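In what follows, a single structure is set out as structure tokens and then discussed.
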Amino acid sequence: MAEATEKSLNFIEQIIENDLESGKYDGRVLTRFPPEPNGYLHIGHAKSICLNFGAAQKYGGQTNLRFDDTNPVTEDTEYVESIKNDVQWLGFNWANEFYASDYFEQLYEFAKKLINKGLAYVDDSTSEEMAAMKGTPTEPGINSPYRNRTIEENIALFEKMKNGEFAEGTHVLRAKIDMTSTNMLMRDPIIYRIKFAKHHRTGDKWCIYPMYDFAHGQSDSIEGITHSICTLEFVPHRELYDWCIDNLEIFPSKQYEFARLNLTYTVMSKRKLLQLVNEGHVSGWDDPRMPTISGLRRRGYTPEAIRDFCDRIGVAKRDNLISVGLLEFCIREQLNKIAARVMAVLDPLKVVITNYPEGETEILTTENNPEDPDSGTRNVPFSREIYIEKDDFLENPPKKYFRLAPGQMVRLKSAYIVRCDEVIKDENGEVVELHCSYIENSKSGQDTSGISVKGTIHWVSIANALQAEVRLYDRLFKVEDPGNEEGDFKDYINNESLQTITAYVEPSLKEATVGTRYQFLRKGYFSLDKDSTDTQLVFNRTVGLKDTWAKETGK
RNA sequence: UGACCCAUAGUAUAAGGGUAGUACAACAGAUUUUGGUUCUGUAUGUCUAGGUUCGAAUCCUAGUGGGUCAACCA
């Protein structure tokens with residue numbers, strides 16, 4: 001039985017198990033999560049985090065958090081802090097917090113070692129000249145005129161680069177590999193460039209910085225990383241990764257690549273997300289419509305739901321586009337279990353219960369969460385005038401409409417059964433008020449009326465209700481795969497992705513604290529936003545409830 | 001007209017030469033004081049063509065389709 005429910009291994013886990021079995025690293029498993037601190041983490045990073053931390057955890061290993069900070073121009077400590085916060089929030093603890101910049105001295109020595117082995121040279125060509133000599137994927141490149149400088153000359157020039165004696169862009173250090181390789185990355189890749197930029201950690205100490213390919217693998221190696229897991233676009237880099245490690249004769253970390261996550265109706269590149277932020281299409285990196293970890297957190301997502309999602313989508317090497325519906329399923333599933341139910345009317349219609357005594361307020365008891373027997377009950381006030389949802393009344397109801405209609409009855413959740421007697425309209429024929437009568441002996445829990453109704457609707461007592469701002473979110477883009485559509489991805493932004501309304505919520509919500517998640521009965525899951533004040537509640541809709549009635553009527 | 005990676009229901013992901021399974025989505029029904037939840041059931045798949053084999057989703061070859069590679073980004 002245990003075998004039957006056991007989850008199968010993804011291909012990374014299979015590799016680790018094979019290595020464990022063959023004793024390749026003496027049973028050691030050490031992975032790393034290597035973000036560049038130039039943007040906020042998104043759900044795609046969550047997949048990588050769950051994979052890296054998850055695999056290590058599973059096999060008794062550890063994971064380093066390493067910031068790949070080799071480009072001071074785009075990097076910033078603001079991002080470092082947000083990344084650390086997000087990884088922790090997701091529920092993972094790193095063994096060490098490292099920075100590629102910790103290794104700048106060592107990397108510099110590695111570069112000199114390559115020069116001394118005749119495997120690197122300083123090139124004075126302009127970037128245009130270098131591009132011209134590089135060839136194309138189908139045509140080989142040609143050697144740089146500077147390719148055959150002597151070791152001594154190269155050492156001296158590289159030293160001068162380091163000492164700031166050359167202007168930016170005038171010299172680079174290149175690995176001497178093969179300008180005719182079918183792998184463009186092996187055509188004498190640049191490994192060091194000059195940048196007079198202030199680094200977020202090393203300040204002005206350096207004016208030369210290693211390129212990704214000369215930093216990442218060596219950093220892995222220095223840390224003794226056993227399994228360096230990255231996304232598919234790095235497949236062609238693996239040859240260079242191995243070349244560096246081989247020629248430097250250092251610990252052989254191995255790189256493995258998996259397919260990155262793509263989600264429907266959103267974009268997942270830091271460049272595009274940065275654009276949305278900078279151009280004001282969203283309120284910031286943590287806008288609840290963003291696929292960022294901070295956006296999802298503010299939206300009301302839980303770390304458990306995100307981890308569950310990452311677990312369900314699997315890990316493989318083929319390109320994929322995952323339905324955002326799966327993410328929504330994951331958060332609904334968890335929130336169904338943990339979110340307290342409350343009543344909130346988002347689009348109010350006034351109901352007067354004409355046979356209920358004026359001025360009277362009755363305190364009713366209702367369950368906090370039928371899915372959680374330990375969640376207890378709470379009180380809700382009931383009175384003569386209440387709000388119900390506009391779409392819970394229809395003057396001319398279709399067949400199988402279980403809500404309110406002229407002459408029809410419904411149960412008010414945890415209260416009485418009411419019958420609609422009269423429909424009040426304004427001069428435009430718009431329904432503005434309903435007059436109902438309640439069945440006195442139909443009180444919830446002590447119903448002796450013998451009447452059974454098909455529908456139960458939520459409501460709030462007008463005199464006791466609190467006003468709240470509610471932000472209803474929809475998908476940020478109108479098309480499934482905006483990044484792969486013709487033209488600019490921003491042409492596909494959904495301008496109605498945020499709708500702000502005023503809702504009436506039950507008084508118990510006065511005590512709500514930021515981040516607390518609720519189910520607004522029959523409406524969806526909501527959490528209190530940080531924009532709330534003592535006098536103004538602000539709720540974000542995390543996700544709606546599954547609505548089979550809407551689907552039915554939409555057919 | 002190159003090299004490399006990939007190809008299993010609508011979407012993902014298993015099956016490591018031996019019964020094509022799981023999840024989400026879809027559909028039908030039951031239960032329900034949330035048209036929620038829960039439960040039951042149904043339909044849908046190995047890119048194509050060859051080859052190896054008693055037996056191929058799995059191994060081989062070719063084709064087709066998709067992706068990646070020509071930043072002093074990572």
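Bear in mind the structure is a predicted one, so any value in this text is a computation, not a measurement. We name chains A, B, ... by the order of the sequence lines, and we start the count at 1 in each one.
Nucleic acid contact class of Met211(A) (heavy atoms, under 4.0 Å, all strands): sugar-phosphate only. Heavy atoms of Ile313(A) sit under 4.0 angstrom from primed sugar atoms or phosphate atoms, though from no base atom. Looking at heavy-atom distances under 4.0 Å, Glu371(A) makes contact with a base. Within 4.0 Å (heavy atoms only), Tyr401(A) reaches at least one base atom of the nucleic acid. In this structure, Phe234(A) reaches the bases: a heavy-atom distance under 4.0 Å links it to at least one base atom across the strands shown.
Nucleotide A71(B) is matched to nothing when pairs are restricted to Watson-Crick or G-U wobble geometry with both distances under 3.5 angstrom. Nucleotide G41(B) is matched to C27(B) when pairs are restricted to Watson-Crick or G-U wobble geometry with both distances under 3.5 angstrom. Base pairing annotation: G65(B) forms a Watson-Crick or G-U wobble pair with C6(B), both donor-acceptor distances under 3.5 Å. Nucleotide U1(B) has no partner under the Watson-Crick or G-U criteria, as no pair reaches both atom distances under 3.5 Å. Checking G50(B) for Watson-Crick or G-U wobble geometry (two distances, each under 3.5 Å) identifies C60(B) as its partner.
Side-chain atoms of Arg312(A) stay outside donor-acceptor range of the base of U13(B), with no qualifying N/O pair under 3.5 Å. Side-chain atoms of Arg411(A) come within donor-acceptor range of the base of U33(B), with a qualifying N/O pair under 3.5 Å. For Thr456(A) against U34(B), no side-chain N or O and base N or O form a donor-acceptor pair under 3.5 Å. Evaluation of atom-type donor-acceptor distances gives no pair under 3.5 Å for the side chain of Arg332(A) against the base of G36(B).
Nearest to the side chain of Ser127(A), among C72(B), U34(B), G2(B), sits C72(B). In this structure, the nucleotide among A14(B), G35(B), C24(B) sitting nearest to the side chain of Asp547(A) is G35(B).
Test Asp547(A), Asp392(A), Asp391(A) against Arg522(A) for salt bridge (charged side-chain N to carboxylate O under 4.0 Å, His left out) and you get one pass: Asp392(A).
A sub-4.0 Å separation between OP1 or OP2 of C4(B) and a side-chain N or O of Arg238(A) is absent.
Between Tyr79(A) and Tyr40(A), the ring planes lie perpendicular to each other; the angle is over 60°, past the 30° to 60° tilted range.
Rounding to the nearest 0.5 Å places CD of Gln519(A) at 12.0 Å from CD1 of Ile338(A). Remark: Ile142(A) CD1 to Asp188(A) CG distance equals 11.5 Å, nearest 0.5 Å.
Atom P of A71(B) sits at a distance of 29 Å from the matching atom of A7(B), rounded to the whole Å. U58(B) and A20(B) are spaced 14 Å apart, taking the P atom of each and rounding to whole Å. The gap from the P atom of G45(B) to that of U22(B) amounts to 15 Å, rounded to the nearest Å. U64(B) and C27(B) are spaced 34 Å apart, taking the C1' atom of each and rounding to whole Å.
Summarising the geometry, the separation between NE2 on His237(A) and P on C73(B) is reported as 13 Å, rounded to the nearest angstrom.
Put simply, Tyr212(A) does not rest on the base of A74(B): the two rings are not both less than 5.5 Å apart at their centres and under 30° in tilt.
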